[in-house]
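Residue numbering restarts at 1 for every chain, and letters A, B, ... go by the order of the sequence lines. Atom set for the values below is all heavy atoms of this structure, side chains included, hydrogens, waters and symmetry mates excluded. Nothing here was measured: the structure is a model prediction, and the numbers come from that model.
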Amino acid sequence: MRQSLKSNLVITHTVSRQHNSFFHYDSNAKTYFIEQLQTCKNLISATTTHSNVVKSGLSNDTFTTNHLINCYIRFLKINHAHKLFDEMPQRNVVSWTSLMAGYVTCGRPNTALWLFHQMQGTLVLPNEFTFATLINACSILASLDMGRRIHGRVEVMGFGSNRVVCSSLIDMYGKCNHVDEARMVFDSMCVRNVVSWTSMITTYAQNAQGHHALQLFREFTHLRMEKPNHFMLCSVISACASLGSLGSGKVTHGMVIRLCHDANDVVATALVDMYAKCGCVHYSDKVFRRIPNPSVIPYTSMIVGAAKYGLGTLSLQLFQEMIDRRIKPNDVTFVGVLHACSHSGLIDKGLELFNSMNGKYRVMPDSKHYTCVADMLGRVGRVEEAYQLAKSVHVERDGYSILWGTLLSASRLHGRVDIAFEASRRLIESNQQVAGAYVTLSNAYALAGDWENAHQLRSEMKHTGICKEPGSSWIEIKNSTYVFHAGDVSKCSQANEILSLLKELKHRMKERGYVGRTTGLVFVDIEEEAKEEIVSLHSEKLALAFGLINMPKGVTIRVMKNLRMCRDCHESFKLISDIVERDFVVRDVNRFHHFKNGLCTCGDFW
DNA sequence: TTAGGGTTAG
């Protein structure tokens, strides 16, 4: 790399002879070079200017060299930047911080931390820019220990109230899954801005605390200090998705449109994901089709959404479409298409895609893909093949438990107690998913009629104090959330109604040829997992059924005609109408817009 | 008068 830099300089030296007016240092030349470095559009221009800087005798000037370093970093030429840094007679805090930030940008956060270690051996002191960069490196690495140590230095050196440093700290603690520490930093801030609020909202959203994320977003909007930007809206949409909260998701979508962020691809991708997770893949598709040139991420989001909804053919069509448009799939895309094949019974196609991953698409299969294939084979009863696959691959710690957990479920489902036993043994030995492994193995014994072993395992769990938290699932109906815990319907006021509905659904599904995963075991005390399964299995259909009961179609659209909405709201309504069904729109608009004498005075959806 | 923070798919 260093050799190529020299070559470039030789070439550009020849070129620059044509207009060699910068052989001597003067301040105008310096200003000109800096402007060139800040605005140059390609590496050739950068190296040409570099050559002229050298000829003009400015190569020892710290300020100009810092600009050169940052210019090379802009083109991701970190080795060029580091060589310049090494050759500097005098480096200041900007030189150090620029190079550290460059390494973070180039995906080498560890080198940035190593540079900080080197810097501590000099007389140059770090400033708030340096700390923000270092904390960002810790965030990427999810290195809590290093992050805490740098936080300590931040406080000692008096940068603890800097807004940018604090926002980085919130993000770092969030990425390390330490929500309380992130909140402590957030609460300690005297002045916050949209970035600090976004960091905290994102922390909640990414740590399964969607309700807290939405609550904080409400607080932010009530303050009316700044408008939410696309970063914040993305996190809010993501929180709605994690909660499966369609109502909040649609309201946030309305806000996205009103604040003119609907053309942002990242926001649109978040919406695609949110609608799919809320069970409205049809809306996902509408949002997706409005993205002019979707990259691999929106495509993958749509592929995964369709896959989870059982629309395997749609997933595969989208996959083919992106290949035709020369968009390169990545590892996540393959998780999506394999998942689609698995859930739609497209085994041959799934195996064909899996086998072509490396050769045709240059994506190396990893534990996620092995698990998808094991799941795909297991679902159709090809448990032996799934078992052979799992035994033949080497996977890391987390991937290992997921892969063998999948094998355990498949073997239990198809009565292969031998494989279930081995999968459980592997999980218990690896000290992961231990309680789940005990319960599933116990169920496998019960399914095979081996009640003695089933009870013995349960006794063992009691004696050793292994306890599995009951699973739960939830649905949101008309802005209320209904939570179901495995094996406990007593807290639900509509238990009888729900159970009779489940029976009815099960009956109809059987009529259509559905073969249940659970049999008479479902209502035996020992089988809490089985109950969990039946509740989660039907929750989506339950939501639909409740929808039919409690949300009749035909909420009159005439109401809208009597209302005069402000122009913004009217535009929002028109756009949303294009995306979602009308009866929902009417409810949403009536609920979240404020009307006075038939005139919309709405300033905010919230 | 150069360097720093928050977003989307599994």
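Between A:Q206 and B:dT7 there is a side-chain N or O to OP1 or OP2 distance below 4.0 Å.
Nucleic acid contact class of A:T269 (heavy atoms, under 4.0 Å, all strands): base. In this structure, A:H230 reaches the bases: a heavy-atom distance under 4.0 Å links it to at least one base atom across the strands shown. When heavy atoms are screened at a 4.0 angstrom cut-off, A:V94 is found touching base atoms of the nucleic acid. Contact annotation for A:V272: no contact, since no heavy-atom pair falls under 4.0 Å across all strands.
Relative ring orientation between A:Y370 and A:F354 is described as perpendicular, the plane-to-plane angle rising above 60° on a 0-90° scale split at 30° and 60°. Relative orientation of the A:H369 and A:F334 rings is perpendicular, given thresholds of 30° and 60° on the angle between their planes.
Contact check of residues 131-140 of chain A against DNA chain B (heavy atom, cut-off under 4.0 Å) returns A:A132, A:T133, A:N136.
Residues A:N136 and A:S139 have side chains that never bring a donor and an acceptor to within less than 3.5 angstrom of each other.
A straight line from OH of A:Y275 to C1' of B:dA9 spans 18 Å, rounded to a whole angstrom. In this structure, A:I291 atom CD1 and B:dA9 atom P are separated by 13 Å, rounded to whole Å. In this structure, A:M274 places its CE atom 14 Å from P of B:dT8, rounding to the nearest Å. Atom pair A:Y309:OH and B:dA9:C1' shows a separation of 19 Å (rounding to whole Å applied). Rounded to whole Å, atom P of B:dA9 lies 15 Å from atom CE of A:M302.
The only option from A:T221, A:T202, A:T198 that meets the side-chain contact (heavy atoms from CB on, under 4.5 Å) definition with A:M232 turns out to be A:T198.
Put simply, the side chain of A:N193 and the base of B:dG5 share a donor and an acceptor less than 3.5 Å apart. Contact of A:N162 with B:dG4 (side chain to base): a donor-acceptor pair of N or O atoms is detected under 3.5 Å.
For an aromatic pair to be called close, the ring centres must be under 6.0 Å apart, and A:F186 with A:Y204 fails this. Under the 6.0 Å cut-off for aromatic ring centres, A:H151 and A:Y173 qualify, their centroids lying closer than that.
Counting only distance, with no hydrogens or angles, the side chain of A:S315 and the backbone of A:A340 share no donor-acceptor pair below 3.5 Å.
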